[in-house]
Amino acid sequence: MSCSCFGASIVERRKDPAHNLFGIDGEDLNCGAHRTLPGNIKVYSYNELRSATNNFNATSNKIGRGGFGTVYKGVLKSGRQVAVKALSAESKQGVHEFLTEIEVIANVKHPNLVELIGCCVQGTNRILVYEYVENNSLDRALLGTRSKTIKLDWARRSAICLGTARGLSYLHEELEPHIVHRDIKASNILLDKEFVPKIGDFGLAKLFPENITHISTRVAGTTGYLAPEYAMQGQLTKKADVYSFGVLVLEIVSGRSSSRQNWGGMQKLLLEWTWQLYEEGKLVELVDPELEEYPEDQVVRYIKVALFCTQATANQRPTMSQVLTMLSKSNRLNEKDLMAPGFFTDGAGNSRTHGSSSDKKSTSNSISQTMSSFPVSITQVTPR
């Protein structure tokens, strides 16, 4: 039996101005309440999706795993290929994220955002149905075992950077209310058959009404991509996404993971190593060795834009529309305004930031704070 409702225990709650429309507290969602889905979202029965995914076959159909569920490739009766994201039925942890994801992108259409097609809300099952993207996620193509059939030359890498920036600029500046994604990372950037990037997984997204400048919230996201002011103080703005995008660009250019801490022959994060290379005038050493040919000036420019995006002070980072301009135009970058980046790591249970407005081009000063002294949920910031 298919049902087009969310559940009797949904609570209207507006304490948080960026709280999702459905305002749940993580209680069970049983069919029976008159809370209808957006009109353009198709409701599927569990049996339909079970059939489409070969009984959610982990061997033949599993294509990925997110923070709150597993993603399977499916083929509907119409023949359409889809990606089916099934929330773990044993846990209530991701119900909030499930509803947020529906609310945030149900009516959003953009070439660089994954399209939500439908869902299933039946019994304990919470399932989202998305458009299928042929080349899976960026982290598989870039950071996983390299496939001989998938070659990420500079033209493709540049297009992925620009397309992701366009998607974020649309979320931050064109939509009403604005949306902060909160979990921009390589595994959440999907690539279609033409390698067009599509931002996915909106389960942690927050809505930002026009009059809201920042939100104090529980920290959620992925270590290596977290802006320091957000990771350490729970202060969320659009600039947290800008920071994550900057880290992503460094991964795309270098073919290296931001979560590892042994770059440059030392215990350094990718961002730390990048800043060191910038100070030494050796940014080309960051470039992925598998990039056989590339325009050096453009690649170095992308790295510098990434450093602007990851500056320690949030208000010194550009907006995403400014980032697009910086990436796509050859105007000279104003590097005298470029300060040392900020970063956060919980590798040893610590949060750290480097850089300040009075410490230009230096990483000698650091501030260390224990993770437990800030409103950080360990389960939320563990890489996933």
Side-chain angles (χ1 to χ4, degrees), residues 104-105 108-115 138 142 152-186 188-192 194-202 205-206 208 210 213 225 227 236-254 258 271 274 278 283 286-287 294-311 313-339 341:
V104 168
I105 64 171
V108 173
K109 305 294 181 186
H110 189 275
N112 299 117
L113 303 180
V114 173
E115 180 185 358
L138 175 60
L142 186 70
L152 291 180
D153 57 16
W154 177 248
R156 281 179 174 169
R157 296 189 198 210
S158 173
I160 290 168
C161 291
L162 290 170
T164 305
R166 290 189 189 98
L168 276 175
S169 179
Y170 175 76
L171 292 174
H172 287 185
E173 300 170 38
E174 297 179 47
L175 277 179
E176 283 295 339
H178 306 315
I179 294 173
V180 175
H181 186 280
R182 283 211 295 174
D183 203 14
I184 294 297
K185 58 181 179 180
N188 285 339
I189 307 301
L190 307 179
L191 305 174
D192 73 6
E194 301 297 334
F195 291 89
V196 173
K198 293 176 179 287
I199 300 171
D201 199 342
F202 284 77
K206 284 285 188 179
F208 265 67
E210 186 66 40
T213 58
Y225 295 90
L236 178 68
T237 69
K238 298 171 190 174
K239 297 301 180 70
D241 277 355
V242 175
Y243 180 97
S244 300
F245 175 79
V247 174
L248 180 69
V249 170
L250 296 181
E251 290 185 324
I252 292 171
V253 170
S254 68
S258 64
L271 182 54
T274 302
Y278 174 74
L283 282 180
L286 186 72
V287 179
Y294 58 89
E296 184 175 315
D297 288 349
Q298 186 181 28
V299 172
V300 169
R301 180 185 190 83
Y302 274 51
I303 299 172
K304 290 178 179 178
V305 172
L307 288 173
F308 274 100
C309 291
T310 54
Q311 290 185 101
T313 304
N315 62 16
Q316 290 179 327
R317 299 171 205 151
T319 63
M320 284 310 305
S321 59
Q322 290 172 330
V323 170
L324 259 176
T325 300
M326 293 165 74
L327 289 174
S328 57
K329 295 187 178 180
S330 58
N331 296 342
R332 184 180 179 85
L333 298 175
N334 191 9
E335 292 182 51
K336 67 180 180 61
D337 292 334
L338 184 59
M339 306 294 176

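A quick note: this is a predicted structure, and the numbers were derived from the prediction, not measured.
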Any chance you could measure Ile303, atom CD1, to Ser254, atom OG, to the nearest 0.5 Å?
8.0 Å

Sequence neighbours left out, what pairs pass salt bridge (charged side-chain N to carboxylate O under 4.0 Å, His left out) with at least one residue falling in residues 294-311?
Lys304-Glu335

Please list all pairs meeting salt bridge (charged side-chain N to carboxylate O under 4.0 Å, His left out) that have one or both residues in residues 321-333, counting only residues at least two apart or in different chains.
none

Of all residues at least two apart in sequence or in a different chain, which pass the side chain to side chain donor-acceptor pair (under 3.5 Å) check with Gln311?
none

Mind checking what makes side chain to side chain donor-acceptor pair (under 3.5 Å) contact with Asn315, not counting sequence neighbours?
none

For [X], side-chain contact (heavy atoms from CB on, under 4.5 Å) partners two or more places apart:
X: Glu115; answer: Arg80, Lys109, Glu131
X: Thr310; answer: Tyr243, Val247, Leu271, Leu307, Pro341
X: Ala306; answer: Val249, Leu250
X: Asp153; answer: Ala155, Arg156

Option passing side-chain contact (heavy atoms from CB on, under 4.5 Å) with Ser169 (candidates Val323, Leu324, Thr325)
Leu324

Can you sort out the partners of [X] under ring-ring contact (aromatic ring centres under 6.0 Å, His included), two or more places apart, ordered by chain and number?
X: His110; result: Tyr170
X: Phe245; result: none
X: Tyr302; result: Trp154
X: Tyr294; result: none

Heavy-atom side-chain proximity of [X] to [Y] below 4.5 angstrom:
X: Thr237; Y: Val180; answer: no
X: Leu171; Y: Phe202; answer: yes
X: Thr319; Y: Glu173; answer: yes

Using atom types as modelled and distance alone, determine if a side-chain donor or acceptor of Asn112 lies under 3.5 Å from a backbone N or O of Lys198.
no

